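Below: the structure, in structure tokens.
Values below: all heavy atoms of this structure, side chains included; hydrogens, waters and symmetry mates excluded. Convention: sequence-line order gives letters A, B, ...; per-chain numbering from 1. All of these numbers come straight from a predicted model, not from anything done at the bench.
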Amino acid sequence: MSGTYTCRWCRMSTDAPTLVSCPTCGAPVDVRDRVSDSGWYELPAIPDMARLQFGRSYCQIEGTYVPVADFNLTGDDGVYFTHHLLLWKDAGVTINPMALRGGWSRMFAGLPLLMTQAHGPGHIAFSRDAPGEVVPVPLQRGMSVDVREHIFMVATNQVQYDWFNTGVWFQTRDGDDTETHYPLGMYMDRFSAPGAHGLLILHAHGNAFVRQLAPGETLLIKPTALLFKDSTVQMHLHFEHPAGTWRSWRSWGERFVWLRLTGPGRVSVHSAYDKFEDPGNALSGSSPATRWQWQG
Amino acid sequence: MPLTPAEVWRAIQQQRTGQGGRRLDTGTRVECQWCRSQNAPDARSCFTCGAPLDIRNLVSDSGWREAPRLRDMTEIHFGRSTCQVEGEIVPVAEIALGAGDWVYFEHHVMLWKDESAAMSVMPLSGGMKRAFAGMPFIITIAQGPGRIAFSRDATGELVVLPLHPGVELDVREHAFLLASHSVGYSYVRIKGLKNILFGGQGMFMDRFVAGSEQGLLILHGYGNVFERMLQPGESILLEPGAFLYKDASVTMQVETQRLTSGLFGGSGMNLARMTGPGRIGIQSMYVHHHTED
């Protein structure tokens with residue numbers, strides 16, 4: 001291999017002439033791309049012990065079933081992470097809480113109240129307690145991605161963290177009771193790299209796939225299967241009623257709750273998603289949504 | 001005529017125990033990097049622990065060595081018995097027990113067995129304490145001849161640990177899958193209220209001791225398993241739920257780091273400080289134990 005190599009997963013280019021795996025995201029370069037006929041690109045299994053470079057530090061991916069992200073922090077480099085992902089650390093690595101805005105809202109929404117940051121020098125390692133894949137998402141300067149809650153593992157200090165209201169909800173009525181449902185969660189995490197290139201690491205339950213949507217191209221996905229999307233991708237609800245069920249969308253009946261994603265941008269899903277409990281009661285309201293009743 | 005792996009292994013065992021046996025030069029053996037057992041030079045996997053011998057070790061830059069990924073259908077040998085490892089995502093340990101050999105195991109890990117494999121219960125001391133601490137109240141014995149198979153109900157790896165004579169190993173509760181008859185079983189009480197409450201092990205840990213004869217211990221680790229050797233005085237901080245096993249010489253002390261967020265109080269992060277000398281094993285899909293939320 002010679003010249004510049006551009007990774008199919010993270011799209012970062014590197015001048016290294018001989019590579020086994022992408023130095024930015026760890027995706028192997030010596031395997032054939034796995035792209036489904038429908039256009040989904042499967043995250044190639046990161047070779048055990050692959051190293052991802054950022055700043056003067058690097059992250060080594062260890063294991064395959066429940067992979068570990070082992071950071072070797074040097075100099076001023078640091079990372080931040082959510083509370084229950086720390087696997088082990090050198091005694092010399094310092095950890096301290098990171099200030100977050102909107103504590104009450106986060107607590108109310110079930111989001112982690114604390115983000116913890118770590119500074120080197122030394123090693124610190126993270127893993128999530130579920131089988132799946134570590135998904136490195138290198139962020140080039142100016143890039144921004146939205147991540148579903150409880151997917152985020154760790155990010156380097158160059159990555160800016162924020163969160164926003166998804167605006168995706170619907171209400172059902174059962175007698176006098178009205179219940180509000182958030183198929184995506186009430187909030188999503190937003191990660192951006194305003195000043196410099198940064199590394200974001202997520203954990204996918206099962207396998208991870210990514211697909212590029214062209215401007216105006218749409219796709220329906222299970223809301224809980226969403227892993228991340230580019231911030232340019234728009235989303236809203238779509239209700240679908242199979243043929244043979246009640247005709248009125250406001251009445252009780254079998255229904256599928258979809259998330260419609262509209263390009264341009266990347267969309268990523270994971271294959272082992274949570275079950276979303278839709279009580280099936282009559283809809284009494286929702287965020288902007290479309291609906292479709294199949295005819296028998 | 002070249003020796004078979006079984007003949008090489010038998011000759012090495014005879015020499016080790018002073019029973020004579022065929023003399024082997026160093027060119028006729030290869031050492032397993034996982035369990036340090038000697039093997040025939042053309043062996044693809046270790047006769048004693050099943051670790052592949054023809055692929056390089058996976059060691060991270062931080063010094064963690066990944067537990068060997070056992071090939072499907074690999075055979076491991078102990079006494080007059082063999083263990084075949086089947087499957088990769090939730091592997092099964094299938095034991096073909098020779099006459100006179102026996103293994104013991106926790107109650108809920110048995111997958112299937114031949115009718116001929118006799119079952120009995122191991123007498124244990126401190127039954128009330130064990131029941132109170134949530135440890136298995138009954139350890140069951142299966143005696144050969146016959147086949148019996150074990151697995152735990154979670155994605156992970158079998159960690160095959162041949163115990164050389166004199167080795168003492170502490171294992172987190174409910175991680176042990178089975179042990180051969182030559183491995184002594186007891187338990188140790190965890191000292192210190194903080195270690196009990198926040199150490200993620202409960203009140204007791206299993207302790208396995210090899211007597212004068214080498215024995216086989218098989219654990220199940222959730223996710224991937226890594227091992228690291230700590231030098232005397234060297235310490236590392238672990239998520240307590242990630243702890244899987246350690247040499248008895250390694251000490252464990254839980255430390256709490258307070259993380260506050262102003263008005264919302266905050267949380268304590270409990271980490272177990274493991275101090276050498278000795279090896280420690282961790283699992284990447286750990287059991288999270290509550291901190292002081």
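- Scanning all heavy atoms of the two residues, the minimum distance from M269(B) to L86(A) falls at SD-CD2, 3.6 Å.
- Heavy-atom contacts from other residues, nucleotides or ligands closer than 6.0 Å to CG of D76(A) number 12 or fewer.
- By the salt bridge (Lys or Arg N to Asp or Glu O under 4.0 Å) test, D77(A) is found to be paired with no residue, residues two or more places apart in sequence or in another chain being considered.
- Remark: the backbone N or O of Y222(B) is not paired with any side-chain donor or acceptor of Y65(A) at under 3.5 angstrom.
- Residue contact with chain B, scored on non-hydrogen atoms closer than 4.5 Å, is absent for F126(A).
- Evaluation of the side chain to side chain donor-acceptor pair (under 3.5 Å) rule for R273(B) yields S235(B), E255(B) as partners, not counting sequence neighbours.
- Of all non-hydrogen atoms in L237(B) and A91(A), the two that sit nearest each other are CD1-CA, 3.9 Å.
- Between L87(A) and Q283(B), the shortest heavy-atom distance links the atoms CD1-O, 3.7 Å.
- Rounding to the nearest 0.5 angstrom, the gap separating the CG atom in D48(A) from the CZ atom in R69(B) is 6.0 Å.
- If you measure heavy-atom distances from N72(A) to chain B, you find no contacts under 4.5 Å at all.
- Contacts between R51(A) and chain B at a heavy-atom distance below 4.5 Å involve the side chain alone, from C-beta outward.
- Within a 6.0 Å radius of OH in Y80(A), other residues, nucleotides and ligands contribute more than 12 heavy atoms.
- Taking non-hydrogen atoms and a 4.5 Å limit, the residue list of residues 57-67 of chain B in contact with chain A, ordered by number, reads L58(B), V59(B), S60(B), D61(B), S62(B), W64(B), E66(B).
- Rounding to the nearest 0.5 angstrom, the gap separating the CZ atom in R56(B) from the CE atom in M49(A) is 8.5 Å.
- Along residues 151-163 of chain B, the residues that come nearer than 4.5 angstrom to chain A, judged on non-hydrogen atoms, are T155(B), G156(B), E157(B) in order of number.
- With a 4.5 angstrom heavy-atom cutoff, E62(A) touches chain B via backbone and side-chain atoms both.
- Atoms CD1 and NZ, on I236(B) and K89(A) in that order, are 10.0 Å from each other to the nearest 0.5 Å.
- If you measure heavy-atom distances from L271(B) to chain A, the contacts under 4.5 Å come from the side chain alone.
- The part of T116(A) that comes within reach of chain B is its side chain, from C-beta onward, which places non-hydrogen atoms under 4.5 angstrom from that chain.
- Of all non-hydrogen atoms in W88(A) and I282(B), the two that sit nearest each other are CD1-CD1, 3.7 Å.
- By number of non-hydrogen pairs under 4.5 angstrom with chain B, the leading residue of D90(A), V93(A), L85(A) is L85(A).
- No part of I124(A) comes within reach of chain B, as not one of its non-hydrogen atoms sits under 4.5 angstrom from that chain.
- Between the side chain of S284(B) and the backbone N or O of V68(A) there is no donor-acceptor pair closer than 3.5 Å.
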